[in-house]
Amino acid sequence: MTDTVLRISNVNKAFGGLQALSDINLNIEKGKVHAIIGPNGAGKSTLLNVCVGLLTPDSGAVTFNGGTNVIGKSPHEINQMGLARVFQTPEIFPDLSLLDNVMIPAFAKRDGAFHFKLFQSLSGETKITQEATEMLASVGMDDKLHVIAGSLSRGDKRRLELAMCLIQRPHLLLLDEPTAGMARHDTNKTIELLKKIKEDGMTKIIIEHDMHVVFSVADTISVLAQGAIIASGTPDEIRGNPVVQEAYLGGAEL
């Protein structure tokens, strides 16, 4: 029997009169890539925000690793439990080098917090320096260790942010539109990187509008429309589902 890393049970969330999430039930299986797709405004980012503690649902539960309910916990507490998220807009330290950017979350994961007054001490953290260097190499950026992060292209910023998440060794990685705004070249590089991470067995939830990305990396796809799950299945099942085609692309084939 496949282990469930994250279980979303009967989750509802409304903003005023708008029902953003309606009775959401999902099981995220260990080692799998679970994609969540749907048109703009379907509730995809709202669902991720509930999972990482940025929003509190009106009802329901989100249980992690066999039973811990994350509802009511802070984003920091949830991150320390082993959930890491890559946001739509890269969350990096633009004035610092790539190496420093990746060392900071490693330091925070080890000690439970990071204080910038301790920043100078990072240079003496040999183990973390080596680990950060290896992590940047794993995303193909070891030739840019001392480049200032703010000077990177959008695609490279996303790869840097991914390295910042991966060095935390999360049990579950949540990616919110990881290829948004990328040129096709950077998108293809990101697909290859996601495939590489998939081979390592890390569990992932991915929200993505680019169906080429979704069908390249996902094991399971769930479709959100108007705040509700209308279908879940393998990529082949979703690709041929007429209900999904109508809701997502007005009847056109995926």
Side-chain angles (χ1 to χ4, degrees), residues 1-13 20-40 42-52 57 60-67 70 78 82-86 88 162 165-166 170-180 187 190-249 252-254:
M1 182 177 178
T2 305
D3 293 334
T4 296
V5 174
L6 191 76
R7 188 184 306 276
I8 301 169
S9 305
N10 306 114
V11 165
N12 291 274
K13 180 65 180 178
L21 298 174
S22 180
D23 203 30
I24 301 297
N25 290 277
L26 286 175
N27 290 333
I28 309 302
E29 296 179 350
K30 184 177 180 179
K32 302 294 185 181
V33 179
H34 195 127
I36 300 174
I37 67 172
N40 288 331
K44 303 182 298 297
S45 292
T46 299
L47 181 58
L48 284 198
N49 285 338
V50 167
C51 292
V52 299
V62 178
T63 53
F64 180 62
N65 268 354
V70 305
I78 294 172
L83 277 76
R85 177 178 177 179
V86 176
Q88 289 183 21
L162 191 55
C165 287
L166 292 174
H171 299 293
L172 175 61
L173 180 63
L174 300 90
L175 301 108
D176 195 349
E177 298 191 30
T179 66
T187 295
T190 301
I191 289 173
E192 292 308 309
L193 178 56
L194 292 175
K195 286 181 177 178
K196 179 181 177 182
I197 299 170
K198 181 178 179 178
E199 291 174 358
D200 294 337
M202 182 179 291
T203 310
K204 289 174 288 300
I205 298 174
I206 179 171
I207 287 176
E208 182 57 70
H209 283 292
D210 189 329
M211 290 299 98
H212 174 57
V213 177
V214 171
F215 289 124
S216 294
V217 302
D219 298 299
T220 303
I221 301 172
S222 294
V223 186
L224 264 175
Q226 298 181 336
I229 300 288
I230 62 170
S232 286
T234 66
D236 285 343
E237 289 169 341
I238 295 300
R239 192 193 302 269
N241 188 317
V243 175
V244 174
Q245 292 170 3
E246 182 63 34
Y248 196 74
L249 291 175
E253 291 187 0
L254 290 170

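Everything numeric here is computed off the predicted structure, so don't read it as measured data. Residue indices begin at 1 and follow the sequence shown.
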How close do A218 and A35 get, heavy atom to heavy atom, and via which atoms? CB-CB, 3.8 Å
With side chains defined as the heavy atoms from C-beta onward, is the minimum distance between L6 and T63 less than 4.5 Å? no
Can you confirm whether I8 sits close enough to L47 that some side-chain heavy atom of one is under 4.5 Å from a side-chain heavy atom of the other? yes
Within-4.5 Å side-chain heavy-atom neighbours: L194 and V33: no
OG (S222) and CD1 (I238) are apart, to the nearest 0.5 Å, by 7.0 Å
First locate atom CG of L173, then atom CD1 of I206, and finally report the distance between them rounded to the nearest 0.5 Å. 9.0 Å
Assess whether side chain to side chain contact (heavy atoms under 4.5 Å, CB included) is satisfied between I191 and T187, documenting all intermediate values. CA-CA 6 Å; I191 289 173; T187 295; 4.2 Å; yes
So, do I197 and L162 sit near enough that their side-chain heavy atoms are less than 4.5 Å apart? yes
For E208 and T179, what are the C-alpha separation, side-chain angles and deciding distance, and is it a side chain to side chain contact (heavy atoms under 4.5 Å, CB included)? CA-CA 8 Å; E208 182 57 70; T179 66; 2.9 Å; yes
No-hydrogen, no-angle side-chain donor-acceptor test under 3.5 Å, H34 and N27: no
Would you give the length of the straight line joining atom CG of L174 to atom CD1 of I207, rounded to the nearest 0.5 angstrom? 8.0 Å
Between G233 and E237, which heavy-atom pair has the shortest distance, and what is it? CA-OE1, 3.2 Å
I37 and I221, any side-chain heavy atoms less than 4.5 Å apart: yes
From M202 CE over to K30 NZ, what is the distance, rounded to the nearest 0.5 angstrom? 12.0 Å
Side-chain touch C165/R85, heavy atoms, less than 4.5 angstrom: no
Evaluate D23 against N12 for side chain to side chain contact (heavy atoms under 4.5 Å, CB included), listing each step before the verdict. CA-CA 5 Å; D23 203 30; N12 291 274; 4.2 Å; yes
Is there a side-chain contact between T4 and I28, using heavy atoms and a 4.5 Å cut-off? no
Would you say I205 and L48 make side-chain contact, with heavy atoms under 4.5 Å? yes
For the atom pair OG (S9) and CG (L26), what is the distance rounded to the nearest 0.5 Å? 9.5 Å
Could you walk me through whether D210 and E177 pass side chain to side chain contact (heavy atoms under 4.5 Å, CB included), step by step? CA-CA 9 Å; D210 189 329; E177 298 191 30; over 6 Å; no
Name the residue from I78, V52, N65, T203 that meets the side chain to side chain contact (heavy atoms under 4.5 Å, CB included) definition with L172. T203
Distance from L21 atom CG to K44 atom NZ, nearest 0.5 Å? 11.0 Å
So, are K198 and D219 salt-bridged, with charged N and O less than 4.0 Å apart? yes
Taking all heavy atoms of N241 and all of A231, pick out the closest pair and write down the distance. ND2-CB, 3.8 Å
Ignoring hydrogens, what is the shortest heavy-atom contact between I24 and A228? Give both atom names and the distance. CD1-CA, 4.1 Å
